[in-house]
Amino acid sequence: MNKLSSIQRAYIAGFLDADGSIYVKLTKNITYKYQYQVAPYIVFYQSQQSKKSLQEIQKMTGVGYIRKRNDGIEEYIIGDINSIREFLRVVSKFLIYKENQAKLMLEILNLKEKVKSSLDFLALCRLIDQFQQLNYSKKRIILAETVEITLKEKGFLTP
């Protein structure tokens with residue numbers, strides 16, 4: 001990604017500002033220590049008729065994958081933590097509308113690496129909840145409050 005020109009970086013950032021999303025979701029996963037998986041994503045959206053632009057961006061960045069949804073939408077998804085970090089390092093100075101989401105994503109990724117206890121994990125979940133104010137997600141059902149209840153039930157937190 002270092003080989004991207006300033007024009008390419010600005011183009012990708014503008015595309016993300018207009019037709020993309022930066023978010024982190026929590027998903028229930030009992031194989032994880034605290035019963036939840038932290039899943040960060042950067043996603044670009046286009047109709048399947050316009051998927052060529054997503055293919056071009058993926059070719060430029062060299063990361064992520066493209067997925068066809070059942071509703072006629074094509075998605076270019078970056079979900080690997082190292083790729084997300086590198087992507088944001090390269091394009092974030094060109095972001096306008098998603099600048100706060102990019103900063104919050106990096107803060108979450110940094111905090112995720114430092115989780116050593118259930119209290120640390122809960123603090124991470126509270127930070128993830130802040131995406132609700134920045135994005136227009138109405139489907140978010142697992143919040144820090146939900147995680148806190150589970151952590152208490154499983155004995156990770158004392159009431």
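In this chain, residues are counted from 1 in sequence order. These numbers come from the heavy atoms of this one structure, side chains and all, not from hydrogens, waters or symmetry mates.
Residue pairs that meet the salt bridge (charged side-chain N to carboxylate O under 4.0 Å, His left out) test with at least one member in residues 12-30, sequence neighbours left out, do not exist here.
Ile141 and Val38 fall within the same hydrophobic cluster, defined by Ile, Leu, Val, Met, Phe, Trp and Tyr side-chain heavy atoms under 4.5 Å apart, directly or through other members. Tyr41 and Ile73 fall within a single hydrophobic cluster, where Ile, Leu, Val, Met, Phe, Trp and Tyr side chains are chained together by heavy-atom contacts under 4.5 Å. Linking ILVMFWY side-chain heavy atoms closer than 4.5 Å, directly or via other members, places Ile81 and Leu26 in a single hydrophobic cluster.
We find the CG-CD distance between Asn100 and Gln130 to be 10.5 Å, quoted to the nearest 0.5 Å. Note: Thr31 OG1 to Tyr36 OH = 13.0 Å, rounded to the nearest 0.5 Å. Between the CG atom of Leu151 and the CG atom of Leu119 there is a distance of 9.0 Å, given to the nearest 0.5 Å. Note that CD1 of Ile12 and CD1 of Ile7 are 12.0 Å apart. Values are rounded to the nearest 0.5 Å. Rounding to the nearest 0.5 Å gives a distance of 10.5 Å between OG of Ser47 and CG of Asp71. Within the model, atoms CD1 of Ile78 and CD1 of Ile84 stand 7.5 Å from one another, a figure rounded to the nearest 0.5 Å.
When side chains are defined from C-beta on, Gln46 counts as touching Phe15, because their heavy atoms get closer than 4.5 Å. Residues Tyr23 and Leu134 form no side-chain contact, since every pair of their non-hydrogen atoms from C-beta on lies 4.5 Å or further apart. Side-chain contact between Glu113 and Leu109: absent, with no pair of heavy atoms (C-beta onward) separated by less than 4.5 Å. Considering only heavy atoms from C-beta on, Lys33 stays 4.5 Å or farther from Phe121 through its side chain. Two residues are said to be in side-chain contact when any heavy atoms from C-beta on lie closer than 4.5 Å; Ile77 and Arg67 meet this criterion. Between Lys112 and Val24 there is no side-chain heavy-atom pair separated by less than 4.5 Å.
Under the 3.5 Å distance criterion, the side-chain polar atoms of Ser83 are left unmatched by any main-chain donor or acceptor of Gly79. Remark: the backbone N or O of Ile22 is not paired with any side-chain donor or acceptor of Lys98 at under 3.5 angstrom. With hydrogens and angles ignored, the 3.5 Å screen pairs a side-chain donor or acceptor of Arg9 with a backbone N or O of Leu4. Judged purely by atom type and a 3.5 angstrom limit, Ser92 uses its side chain to pair as donor or acceptor with the backbone of Leu88. Formation of a donor-acceptor pair under 3.5 Å by the Arg140 side chain with backbone atoms of Phe131 is not found in this model. Here the side chain of Gln58 pairs a donor or acceptor atom with the backbone of Gly64 at under 3.5 angstrom.
The hydrophobic cluster containing Ile149, built from Ile/Leu/Val/Met/Phe/Trp/Tyr side-chain heavy atoms closer than 4.5 Å, comprises no other residue.
Evaluation of the side-chain contact (heavy atoms from CB on, under 4.5 Å) rule for Gln48 yields Lys68, Glu74 as partners, not counting sequence neighbours. Under the ring-ring contact (aromatic ring centres under 6.0 Å, His included) criterion, Phe94 pairs with no residue at all, not counting sequence neighbours. Evaluation of the side-chain hydrogen bond (donor to acceptor under 3.5 Å, both in side chains) rule for Asn82 yields no partner, not counting sequence neighbours. With sequence neighbours excluded, the residues forming a side-chain contact (heavy atoms from CB on, under 4.5 Å) with Gln37 are Thr27, Asn29, Tyr32, listed by chain and number.
Salt-bridge formation is detected for the pair Lys152/Glu148: a Lys NZ or Arg NE/NH1/NH2 atom is positioned less than 4.0 Å from an Asp or Glu carboxylate oxygen. Classification of Glu56 and Lys59 as a salt-bridged pair fails, no side-chain N sitting under 4.0 Å from a carboxylate O.
The shortest heavy-atom contact between Asn135 and Ser21 is ND2-OG, 4.5 Å. Considering all non-hydrogen atoms of both residues, Leu95 and Ala102 come closest at CD1-CB, 3.7 Å.
A side-chain N or O of Tyr76 and one of Thr61 form a donor-acceptor pair less than 3.5 Å apart.
Tyr34 and Phe156 have perpendicular rings, their planes meeting at more than 60° on a 0 to 90° scale where under 30° would count as parallel.
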Report task. Using the side-chain contact (heavy atoms from CB on, under 4.5 Å) rule, take Asn110 and Arg85 through it: C-alpha gap first, then chi angles, then the decisive distance, then the call. Result -> CA-CA 10 Å; Asn110 290 337; Arg85 265 202 184 99; 3.1 Å; yes
Requested in this report: Under the salt bridge (Lys or Arg N to Asp or Glu O under 4.0 Å) rule, what do Glu99 and Lys103 come out as? Steps first, then yes or no, please.
Outcome: CA-CA 6 Å; Glu99 179 184 14; Lys103 287 178 183 175; 3.4 Å; yes
Query raised in the report: After noting the C-alpha distance and the side-chain angles of Leu127 and Glu107, does the key distance pass the side-chain contact (heavy atoms from CB on, under 4.5 Å) rule?
Result: CA-CA 8 Å; Leu127 198 56; Glu107 192 177 342; 3.7 Å; yes
